[in-house]
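The structure displayed is predicted, hence computed values, not measured ones. Just follow the structure's listing: the first ligand is 1, and inside any ligand the first atom is 1.
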Amino acid sequence: MTLEHVDVLIVGAGLSGVGAACHLETQLPGKSYAILEARDSIGGTWDLFRYPGIRSDSDMYTLGYSFRPWSEAKAIADGPAILDYVKQTASDFGVDGKIRYKHRVVRAEWSTARSRWTVEAERTDTGQTARLTCGFLFMCSGYYRYDEGYTPELPGRERFAGPIVHPQFWTDDVDYAGKRVVVIGSGATAVTLVPAMAETAAHVTMLQRSPSYVVSLPAEDSIANLARRLLPAKLAYSIVRWKNVMIQLLVFQLSRRRPRYMKALIRRGLEHRLPPGYDIDTHFKPRYNPWDQRMCLVPDGDLFEAIGSGRASVVTDRIETFTETGLELASGAELEADLIVTATGLNLVPLGGMQISVDGRDVELPGTMAYKGMMLAGVPNLAVALGYTNASWTLKCDLTCEYVCRLLRHMDERGYSQATPENRDPSITAVPFIDFTSGYVLRAIDKFPKQGSKPPWRLYQNYARDIVTLRFGALEDGAMVFSNPESDLDADERLAA
Ligand SMILES: Cc1cc2nc3c(=O)[nH]c(=O)nc-3n(C[C@H](O)[C@H](O)[C@H](O)COP(=O)(O)OP(=O)(O)OC[C@H]3O[C@@H](n4cnc5c(N)ncnc54)[C@H](O)[C@@H]3O)c2cc1C
């Protein structure tokens, strides 16, 4: 049976998958492609998460696509506005019609002899298996599991009489108006939930084991709004994007090189925002350095305002046990609650949980090395859209898409059907893919491929550097091996004859 074939198969219709398809539409309009999406809707993260206050924690001038200006007034945008942006982009570029929903990709097998992937997807509606082939596989499946969030062992959880909700599975009927709420966690989700719920709850307590760095930023970027009034939309967007890229880079570099200075700066911000005499040391002074873990951002200091008004509070302690009416803490204190929210994080998963094989041999991801943070050693014609951990996701994904389009064009021009990164330099050693100490990273890092100690295997997490290597760097760099096994086979057969 002949299977349907496309030039490029994109897995995932979130921010990255839609972006990848737009790049193909504009840069390689002759290529056939399809998008397989496990869920029944577009938008990925921005459709899945429905908890109160859901928003970005980086600015939309860098989280937005390079090719489509963000035109809303708010730079730190609400989830529904981001979802709308993704949907509108998909519609404007005509990529929405290419999405096949309810197709969960489970397996992809590469054949060198045929220079193609055979991809297997489970139909989540009918349970049937769909198969198709493609010349290039572009994984835009995000980085975490959709079917489960992370919840640590919570002693005595079954004793609690009220509802316990994980933010990943929030539904509209979670009622918190006038209720006492405890949010367990100290990450981006917790600091978003607390001020949003505090608007109508009786009181919201953020219960954390240890503090995170929390920084306030204006929800609206006044320079961006001014630039938009004075300049054409695309020019204004590009200027503001670069301004914000430089600020993100500066903050990250300062954090890594001058952590004490950065800590003092953050502290000054907290002292300014929080009520006089507030115990910053206990609740907002982490044990690690800034940007050893992702920093939490709060728009217009909304979290601090909620604390200042008494509608919210922070408790730094450990849970001894759940009780019928709340939580008993290691310090002996008790927290009464009507509703408990476990903002305890995500479970990371590489390649959307898919298994890949090359010429009949399964690829074990932890044993492979990532090339430029987006392809895999020994795995032909496959790229992964993964964003930065220290800056907006889309900055890297846009560059990855540009690189893939350049690579495909180069292969067409030279008659290559296969591009495989190969590490032939024994002096390059394997190091963990991400150098973050966050729990969600440490829990999953052994499932991910490694990065290498030197370029092009080193992952720099640096947009300016990546522009040079991904947009302008040589494709034939010695590590990327191009071939055309079919024509090599023909030549061998001709010789044998
Ligand atoms: C609450 C929250 C807030 C965030 N805020 C920011 C922020 O402010 N800035 C930032 O830079 N990043 C942020 N992130 C990271 C965020 O996930 C990225 O910014 C971005 O949305 C990721 O887009 P994506 O398309 O790569 O992945 P996702 O949004 O995760 O989309 C992946 C898509 O692939 C589909 N998929 C997965 N596996 C398969 C499979 N096997 N077969 C078929 N389909 C599959 C999924 O169903 C999903 O639709 C946030 C993440 C979360 C959870």
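- For S212 and S186, the side-chain atoms include at least one donor-acceptor pair closer than 3.5 Å.
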Using a cut-off of under 3.5 Å, which N/O atoms of ligand 1 pair up with protein N/O atoms, and what distance separates each pair?
residue: ligand 1; atom: 8 (O); partner: D57; partner atom: N; Å: 2.4
residue: ligand 1; atom: 8 (O); partner: D57; partner atom: OD1; Å: 2.7
residue: ligand 1; atom: 8 (O); partner: S58; partner atom: N; Å: 2.9
residue: ligand 1; atom: 8 (O); partner: S58; partner atom: OG; Å: 3.3
residue: ligand 1; atom: 9 (N); partner: S58; partner atom: OG; Å: 2.6
residue: ligand 1; atom: 11 (O); partner: W393; partner atom: N; Å: 2.7
residue: ligand 1; atom: 17 (O); partner: T45; partner atom: OG1; Å: 3.1
residue: ligand 1; atom: 21 (O); partner: W46; partner atom: NE1; Å: 3.0
residue: ligand 1; atom: 25 (O); partner: L15; partner atom: N; Å: 3.1
residue: ligand 1; atom: 25 (O); partner: S16; partner atom: N; Å: 2.9
residue: ligand 1; atom: 25 (O); partner: S16; partner atom: OG; Å: 3.3
residue: ligand 1; atom: 26 (O); partner: S16; partner atom: OG; Å: 2.5
residue: ligand 1; atom: 26 (O); partner: W393; partner atom: NE1; Å: 3.0
residue: ligand 1; atom: 29 (O); partner: T45; partner atom: N; Å: 2.8
residue: ligand 1; atom: 29 (O); partner: T45; partner atom: OG1; Å: 2.7
residue: ligand 1; atom: 29 (O); partner: Y146; partner atom: OH; Å: 3.4
residue: ligand 1; atom: 30 (O); partner: T45; partner atom: OG1; Å: 3.4
residue: ligand 1; atom: 30 (O); partner: Y146; partner atom: OH; Å: 2.6
residue: ligand 1; atom: 31 (O); partner: Y146; partner atom: OH; Å: 3.2
residue: ligand 1; atom: 41 (N); partner: V105; partner atom: O; Å: 3.0
residue: ligand 1; atom: 41 (N); partner: G352; partner atom: O; Å: 3.1
residue: ligand 1; atom: 42 (N); partner: V105; partner atom: N; Å: 2.9
residue: ligand 1; atom: 44 (N); partner: A38; partner atom: N; Å: 3.1
residue: ligand 1; atom: 47 (O); partner: E37; partner atom: OE2; Å: 2.6
residue: ligand 1; atom: 49 (O); partner: E37; partner atom: OE1; Å: 2.6
residue: ligand 1; atom: 49 (O); partner: E37; partner atom: OE2; Å: 3.0

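- Taking the six-membered ring where the residue is Trp, Y65 and Y85 present parallel rings, their angle staying beneath 30° rather than reaching 60°.
- No hydrogens or angles considered: nothing links the side chains of S71 and Y237 as a donor-acceptor pair under 3.5 Å.
- Looking only at atom types and distance, the side chain of Q168 has no donor-acceptor partner in the side chain of Y51 under 3.5 Å away.
- Between the side chains of E4 and T133, no donor N or O sits under 3.5 Å from an acceptor N or O.
- Closest approach of V384 to F138, counting heavy atoms only: C-CE2, 4.3 Å.
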